[in-house]
Every structure is written in C-alpha cells, then in structure tokens.
Amino acid sequence: MSTALEMSPVAVALPAPVVEMIGVRRVFPGPPEVEAIRDVDLVIRQGEYLSIVGPSGSGKSTLLHLLGLLDNPSSGIYRLDGVDTMSLKERRRAVLRGERIGFVFQSFHLLAHRTVLENVALSMVYVGVPRRERMARARVALERVGLSHRMDFGPTTLSGGERQRVAIARALVAEPSLLLADEPTGNLDSVNAEAILELFDELHAGGMTLAVITHDDHVSERAQRRVRIVDGTLQW
Amino acid sequence: MRDVLDEALAGVAARPTRLILTTLGTVLGVAALVGTVGLGQTAAGQISQKFDLAQATRVVVEPGDKNGQEGEAAAELPWDAPDRLDHLNGVDAVGTVSTLDVGSDLVSSVAGLNGGEGKALTVMAGSAGLFDAIRAVLKTGKFFDAGHDQRGDKVVVLGKHAAERLGINRVDSQPAVFIGDEAYTVIGILDSVSGRAELNDAVIMPNGTAKAAYKLKAPDAIEIRTSVGAAQLIAGQAPKAIAPNDPSTLKVDSPPKQGAVRKGVEGDLNALFLLLGAVALLVGGLGIANVTLLSVLERIGEIGLRRALGAARRHIAAQFLVESVIVGLLGGLLGTAVGVLLTVGVSFAKDWTPILDNKLAFGSPLLGAVIGLIAGTYPAWKASAIQPITALRGA
C-alpha cells in the first residue's frame, strides 16, 4: 500500500482517514494555565502504523487521551471515522470510544478476579455485542494472540508478556478502527517486549490501524511512520 | 440489564471476605429486627392464646339486677336452662352453679365434731354438666352425674383447697364429710378449674341433693363453654333460649371482642423492638456505604478501564449501585434466616408456638436490598463522577 502511495500519490485514492485532528488545543485552566497541546494537525489513515514519540511532559499522554476520546480538546476539530467528536454528548462519546478504539495500557489493566476469557469478553459488554457471541469472539481473539491455552487462567498467574497479550486481545475483540497503545512495552523485559512488537507488526500486516505512544525509540522505530511531540506540538 | 447484574455479581463475588464483613451489619440489623418482632409476636401470641382458651369460650348467664320498674323480683333461672342451651349450635358444654345457704352448718371430715374441727367451707351445688363447662380437671375419683342429681344422692365433689383443709386426699375408701349433721360421700376431688375459682374452696353437691337438703329454688348462674369463636353468638342467643318472653332480665357475661387484648400487648412490644432493629439497620447501612466507598477508591483503575471500554457514567453508577443492593439483599436474606432461627429456637426452648408474620419473613430481605440501595447511592454517584483519565492514571 505504501508503495502505491509513493508511485502515484494523486491518481490512487488514499485510504479513508481514521483520525483527523485539525488545530487541536488542550488547555488546562490554571492558575497557572497550562497549554498541554497546541495546534496539532494529525491524520491517521486506515491501515497505518504510527508511533508518537516524546519525552515525559511533552504532552503525549494528553494527546493519547484526546485521541482515545477520554478527554476533550479545548478547541480545534477532531473527527474519528468521519464523526465529529466535539459535538457529541458524553453518552455517545462513550459508545464511540467503546466501538472504535481499542486501548492497550502500560499497566495492562486486567481485572484480577476474572478469567482471561472474561477479561477479553468484557470489552464487548458496553458496545452491544449479544451475550452469546462474546465468548466465541473472545476465544478467537485469544487464539490470535497465541493464548488459547490460558483462557481459563486468572491474570495474576500470567507473565507480563502474556498479560499484555490478553490486553491486546481485549482491545482487538471489539473490532476497533484504531488500536491505541500507551507505552505497551513499558513494564516488560526485552524478550517479552519484542514479542509484543512482533504481534503489532502482524496486526499491521493484517490491516489494523495502530497508534503507539512511547518514549522508547526502539519501539517507535518499528512503526511505519513516526511523529515526535515536543512541548505540545508535533514535529514531523 | 443482565450485563449490569452479571458484572455486579462478579464484582461482589470477587472479594468474599469483604463481602461477609460488609453484610455483617445488615445481617445483625435484619436478624435483630426479625428476631425481636418474631419473638414479640410469638410472646404476645402466647399471652393472647392463654387468654383465648380460658376466656374466649366462656359465657356466663345470671339473673339481672332488679330493674325496679315494676317492683318485681329479679328473674329466676329455670332448672332446665342447661337442656335449653345444650342444643344451640356452638355450645360445647353447659351447667348450673349455685352457692347454698347452709346457715351455721360447718363442714368436717369426722362425725360429731361439729363446732370443733368443723370448717366454714362454702357449699355449692351444680348440675352434672358444670364440670365440663368450667373445664374442671379431677385429681382423683369422678364427677357426680345426672343419676346422682336425679336421685338426690348424698355425694359431694371437693374443691382442691377444700380437700386440703379437710385432710382428704383419696376417695377409694369412700370418705365422708359432714355438713352440719348430715354425712355425704366424697366421690371426687378437683385439681383445677378455669373460671369460678371459688369452686376450689367449696364442697359441691348435685342440684337434686341441694334441693332436698337446702331447698335450693333456682340456680345462681349458668356456665356455658362455647366452641372457639362462638362466644359472641351464644351470648346473644342464650337469654332468648332461657327466657324467651323476657330475655332482657338476664345478665350475660361474654369475653371481649377478639383482638382487643392482643393488639394492646403487641403494640407495646413491637414499638420497642422496631426501634432496636432500626438502629441496627442504620449501622448496617452505614457499613455498606463505607465499604462501597472504599471499594470505589480501590477499584479506580477498573472504573477507568470500563470507561475506556465504552461504559458511560450511568453504567458505572449502575454497577456500584447494583453491587450495593446485592450486598444488602444478601445481608437481608442471612439476617432473616438468623432471625427466624432465633424465633423458632427460643420458641422451642420455651415451648411456645412460633408466630411469624409472612410479610416480615418475605419483606425483610427486601428491606436489606432497600438499605443497600440507599447506602450505595452516594458511592455510586461518586464512582460515576470520576474522570476516566484520572481513573486510568490513578491505578
């Protein structure tokens, strides 16, 4: 796909944008007033694998929250799958978030008292997937991340790498438009980190749109496109 | 809706030890409520039951006071009154009772010692049906019957205390008592009577004997034992059956309308018990609120995750609210079980009939649920107000 783009950028229709941010600002009211994100223009197209790199305090967490509809921009335009998110009510934003975005967190965020399978199925509870379908789909997602033998285990019995794969299966199972990963390897050793990055490569090859936020250059190198964030602005 | 329930159940079940500790307050509160109200009802039930058996089936007919209207003497009760009443539906037993005027005659167990060891005992007369009508129980011997009555046999039955005073405790040797100079054979000794306590201190002879010896003209009173619940009816019918021409000349004693006594006793007990239970429940509710609030803070990461997975504020609020209701309901169920066991156990030990209102037994678990609902409202609101970013960062 990228070769097609390079060969004939005008003639071939570009894949539809998943994320469109235009002039987005996020100001935290003071005092003192902090402008965490300013004038961000960002387009992520279907099937893209983007990494956003930046040191801590650069505003990358704020950008992640804005991308994930966990927070609202102070001004600007943010369209997700063509839907203008700025005008949405809280309830509608929650539905859009559940349906279109799959989150992968640094600290996994698995429910300790539920089985692996239940943890994965949980992401379909709030988006209206019929109960009968949930378990079957969760099994498929776990097979996809290579954890079919761990389905009935509790998360506490798993290694860090396995936990993160459960979290990725959970993010994938609702078939999101965008997989949003926040320091996905931050709590993993290099072997497990590598396994997760390989999984991301596979997902990318399968057509998934990924945005990985990290401070680790080694992680960001794997992406198809890298964006650096410094002092709240994007640098290409 | 089912999802909310499932998630809440899983949330509750995740921490069994905490669940038990959280429900403890409600368990105690509901148990206190059910146990105290149950025991209150049971105890009051025993009081009114005793009252019922003794009093609720007793009707007494006596001649009315002189009205003075026409200067007539009070009406006399007819001798055949028992026969007239006996066939009324609802009359189980009926008998006459009279106190005899024996002048200066004393009663003694040994002949010829009149004035020496003689006792000033009451001498009474009755029909054969009297003993059944007043639920008399024999210590020994037998009652006199219609045959003794008709023949005017010189036999007597002694009241319990009268027998003691006369020093007679067996009848197999056919002991005799003397009333004045006349000897009478003792054929039975009473152990207890209900109503007419004066019979305990009396020497009782058949009506026929009394008519012959003391010229008894008419019975003093008629004792009627009715079927349960028939007393009011019989009280209305008896005067007409005895004196159809002038029923108003008779005076009828009947038990108070059912429930009046019972209500009074139960009301006092329940007010105190309910107050105790309410205090316990308040403590239980505060316990649930406290633990749920703690749980919200503890599960802040879970809240963030659920929000990220598409849960709206109302989903979070609903989950914590339902969890709290489940805890309350569980506490209510356990508490009701404990309370019922308590009531049954105490009743068993005291040989009472346990009385438990169905509304109480089925309503108490719901009361627990309502307490959970109230207790969970604030924590649930608090949980739903947490921003997802804060929640995800906080864990």
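Model, not experiment: these values are computed from the prediction. A, B, ... follow the sequence lines: proteins, then strands. Residue 1 opens every chain. When reading the values below, keep in mind they use all heavy atoms of this one structure, side chains included, and skip hydrogens, waters and symmetry mates.
Looking at A/Arg97 and B/Arg307, their side chains come closer than 4.5 Å, going by heavy atoms from C-beta outward. With contacts defined as side-chain heavy-atom distances shorter than 4.5 Å, the pair B/Leu392/A/Asp182 does not qualify. Counting heavy atoms from C-beta on, the side chains of A/Arg134 and B/Asp3 come closer than 4.5 Å.
Proximity to chain B (any heavy atom under 4.5 Å) is shown, for A/Leu64, by neither the backbone nor the side chain. With a threshold of 4.5 angstrom between heavy atoms, A/Arg100 does not approach chain B through any atom at all. For a residue to count as touching a neighbouring chain, one of its non-hydrogen atoms must lie under 4.5 Å from one of that chain's; by this rule A/Val125 touches chain B with backbone and side chain alike.
Interatomic distance, OH of A/Tyr126 versus CZ of B/Arg306, reported as 4.0 Å (0.5 Å rounding). A distance of 12.5 Å separates CD in A/Glu99 from CG in B/Leu309, rounded to the nearest 0.5 Å. In this structure, A/His113 NE2 and B/Glu302 CD are separated by 8.5 Å, a value rounded to the nearest 0.5 Å.
Interface check for chain B: of the options A/Asp71, A/Val95, A/Leu122, the most heavy-atom pairs under 4.5 Å are formed by A/Leu122. Considering only heavy-atom pairs separated by less than 4.5 Å from chain A, the leading option among B/Ala312, B/Ala14, B/Gly11 is B/Ala14.
In terms of heavy atoms, A/Leu70 sits closest to B/Ile389 at O-CG1, 3.5 Å.
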